[in-house]
Amino acid sequence: MQQHCQILLRLSQKPLTGDLDFTLWDHEGEYSPFQYTDGNLAIPLRLIKQLYNDLYKLLLDTADPSVSKCVLMLHPENLKALNIRRKLSLDPQQEFEFTSFLLSKHCNCSILWSYRFHLRQQIQPIEDDFLDLIADRYPKNYPLWTYRVRTSAPSELVLERVQKFNLRHLSDYSAWHFRQQILKHLSPSVLETEQRWITSLIHSYPERLCLWLHLRFLHLLAKHRSDWHLITLDLPNHSHAQTLLNL
């Protein structure tokens, strides 16, 4: 087995509590050409293909968790590696934290989010800060927001938290969709406040299609809610108004 594989396997035994990254350059030091600092790991891009090929061959012959861990660092959608880890009696809290490490780099991997959801059933993690960080780092992340739909209990507190993100990323429809899934379960007073808020945003940013689509969602929701009706508010004279709100 290549020396680089041996080094990476050794590094996989260390606490991986920070970020995973791929770099264009090699690093000098104890783990050269890799860099490991305070739970963060950087792997040179030039090594990834050969590392993966060598480690995958090893994966076919062993259930060693270090091997499957390294394979997932390089290719998070490797189902064989994930299935090996599912079958092992791994500590669910530590494995949950390992998914955070992987998602710091591979944040759009829906399989990883599904695996994280599976682990979440065994523990009671506090993960809002991590999810907010990944959402800000990689906007329009559909797998992340789908995960949040599955794990968030509808409440005004959740709505308030996502509102801060909505204001920073007005065109992130995945986040708006999450907001809509929360709103479906909230009270008429919250929905009225929502209509006033989105209308004010449309006045400020009339070209933003996501805002009009969110208002369209409220129009459709009002048709299916017997306890709430839209209030009359002025809207900008824009083509989106006739196209999207002519229901």
Side-chain angles (χ1 to χ4, degrees), residues 5 8-9 11-12 14-24 34 36 39-60 63-88 90-123 125-152 162 165 169 171-178 181:
C5 285
L8 186 58
L9 287 168
L11 284 168
S12 72
K14 291 186 169 293
L16 298 173
T17 55
D19 288 352
L20 170 66
D21 202 4
F22 300 153
T23 63
L24 294 173
F34 305 94
Y36 173 82
N40 301 286
L41 177 62
I43 302 173
L45 274 168
R46 68 175 182 85
L47 299 178
I48 289 178
K49 182 177 180 180
Q50 189 60 53
L51 280 170
Y52 179 75
N53 289 338
D54 292 343
L55 287 164
Y56 185 71
K57 291 176 184 176
L58 191 58
L59 184 71
L60 298 176
D64 184 342
S66 297
V67 176
S68 57
K69 181 181 282 191
C70 291
V71 168
L72 290 172
M73 290 182 204
L74 305 170
H75 184 15
E77 295 183 335
N78 188 295
L79 288 176
K80 182 172 181 61
L82 278 172
N83 286 333
I84 286 174
R85 300 189 74 77
R86 281 178 185 268
K87 293 175 182 177
L88 295 172
L90 300 172
D91 180 86
Q93 181 64 46
Q94 292 182 6
E95 192 69 357
F96 188 83
E97 292 169 0
F98 177 57
T99 66
S100 297
F101 172 74
L102 293 175
L103 288 165
S104 69
K105 176 63 180 176
H106 307 292
C107 69
N108 288 315
C109 181
S110 58
I111 294 174
L112 270 184
W113 287 108
S114 295
Y115 182 47
R116 184 181 179 90
F117 181 77
H118 163 74
L119 294 166
R120 194 182 194 277
Q121 309 311 302
Q122 304 172 55
I123 57 177
I126 299 174
E127 56 177 339
D128 284 338
D129 289 344
F130 170 76
L131 297 177
D132 288 345
L133 175 66
I134 298 298
D136 268 323
R137 188 181 292 178
Y138 304 100
K140 301 181 181 179
N141 189 334
Y142 178 76
L144 178 150
W145 289 105
T146 300
Y147 175 86
R148 296 191 94 157
V149 168
R150 298 176 73 188
T151 59
S152 299
V162 74
F165 181 88
H169 303 276
S171 297
D172 192 329
Y173 189 71
S174 293
W176 286 108
H177 178 260
F178 169 77
Q181 302 313 301

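Because the structure is a prediction, the values reported are computed rather than measured.
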Inset, instruction - Scan Leu47, Asp54, Leu55 and name whichever one has a side-chain contact (heavy atoms from CB on, under 4.5 Å) with Leu8. - result: Leu55
Legend entry - Name of the residue among Asp172, Val162, Thr146 meeting side-chain contact (heavy atoms from CB on, under 4.5 Å) with Phe178: Val162
Inset, instruction - Could you check Phe98 against Leu72 for side chain to side chain contact (heavy atoms under 4.5 Å, CB included), going step by step and ending with a plain yes or no? - result: CA-CA 10 Å; Phe98 177 57; Leu72 290 172; 4.3 Å; yes
Are any of the side-chain heavy atoms of [X] and [Y] separated by less than 4.5 Å?
X: Arg148; Y: Asp128; answer: yes
X: Lys140; Y: His169; answer: no
X: Leu59; Y: Ser68; answer: yes
X: Ser100; Y: Arg116; answer: yes
X: Trp145; Y: Ser152; answer: no

Spacing of [atom1] belonging to [X] relative to [atom2] belonging to [Y], to within rounding of 0.5 Å:
X: Ile84; Y: Leu79; atom1: CD1; atom2: CG; value: 11.0 Å
X: Glu127; Y: Asp132; atom1: CD; atom2: CG; value: 10.5 Å
X: Leu16; Y: Gln94; atom1: CG; atom2: CD; value: 11.0 Å
X: Leu131; Y: Leu144; atom1: CG; atom2: CG; value: 5.5 Å
X: Tyr138; Y: Cys107; atom1: OH; atom2: SG; value: 5.5 Å
X: Thr17; Y: Leu41; atom1: OG1; atom2: CG; value: 11.0 Å

Inset, instruction - Begin with the C-alpha distance, continue with both residues' side-chain angles, and end with the deciding distance and a verdict on side chain to side chain contact (heavy atoms under 4.5 Å, CB included) for Leu74 and Ile43. - result: CA-CA 9 Å; Leu74 305 170; Ile43 302 173; 4.0 Å; yes
Legend entry - Heavy-atom neighbours of His177 NE2 exceed 12 at 6.0 Å: no
Inset, instruction - Decide if atom OH of Tyr173 counts as having more than 12 heavy atoms of other residues, nucleotides or ligands within a radius under 6.0 Å. - result: yes
Minimum heavy-atom separation for [X] to [Y], with atom names?
X: Ala63; Y: Leu88; value: O-CD1, 3.5 Å
X: Val149; Y: Gln181; value: CG2-CG, 4.1 Å
X: Gly39; Y: Phe101; value: O-CE1, 3.9 Å
X: Ser114; Y: Arg150; value: OG-NH1, 4.5 Å
X: Leu112; Y: Pro76; value: CD1-CB, 3.6 Å
X: Ser110; Y: Pro143; value: CA-CB, 4.0 Å

Legend entry - is_close_aromatic(His106, Phe22), centroid dist under 6.0 Å: yes
Inset, instruction - May I ask you to decide whether Asp21 forms a salt bridge with Lys105, counting only side-chain N to carboxylate O separations under 4.0 Å? - result: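 Looking at Asp21 and Lys105, the cut-off is met.
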Inset, instruction - I would like to know whether Leu11 and Lys14 meet side chain to side chain contact (heavy atoms under 4.5 Å, CB included); could you show each step before the answer? - result: CA-CA 5 Å; Leu11 284 168; Lys14 291 186 169 293; 4.1 Å; yes
Legend entry - Donor-acceptor pair, side chain of Asp19 and main chain of Asn40, under 3.5 angstrom: no
Inset, instruction - Output yes when a side-chain donor or acceptor of Ser104 lies under 3.5 Å from a complementary backbone atom of Leu20, and no otherwise. - result: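 Indeed, once roles are kept as given, a pair shorter than 3.5 Å links the two residues.
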Legend entry - side chain to side chain contact (heavy atoms under 4.5 Å, CB included) between Glu95 and Tyr115, worked out: CA-CA 10 Å; Glu95 192 69 357; Tyr115 182 47; 2.7 Å; yes
Inset, instruction - Can you label the angle between the Phe117 ring and the Tyr147 ring as parallel, tilted or perpendicular, going by 30° and 60°? - result: perpendicular
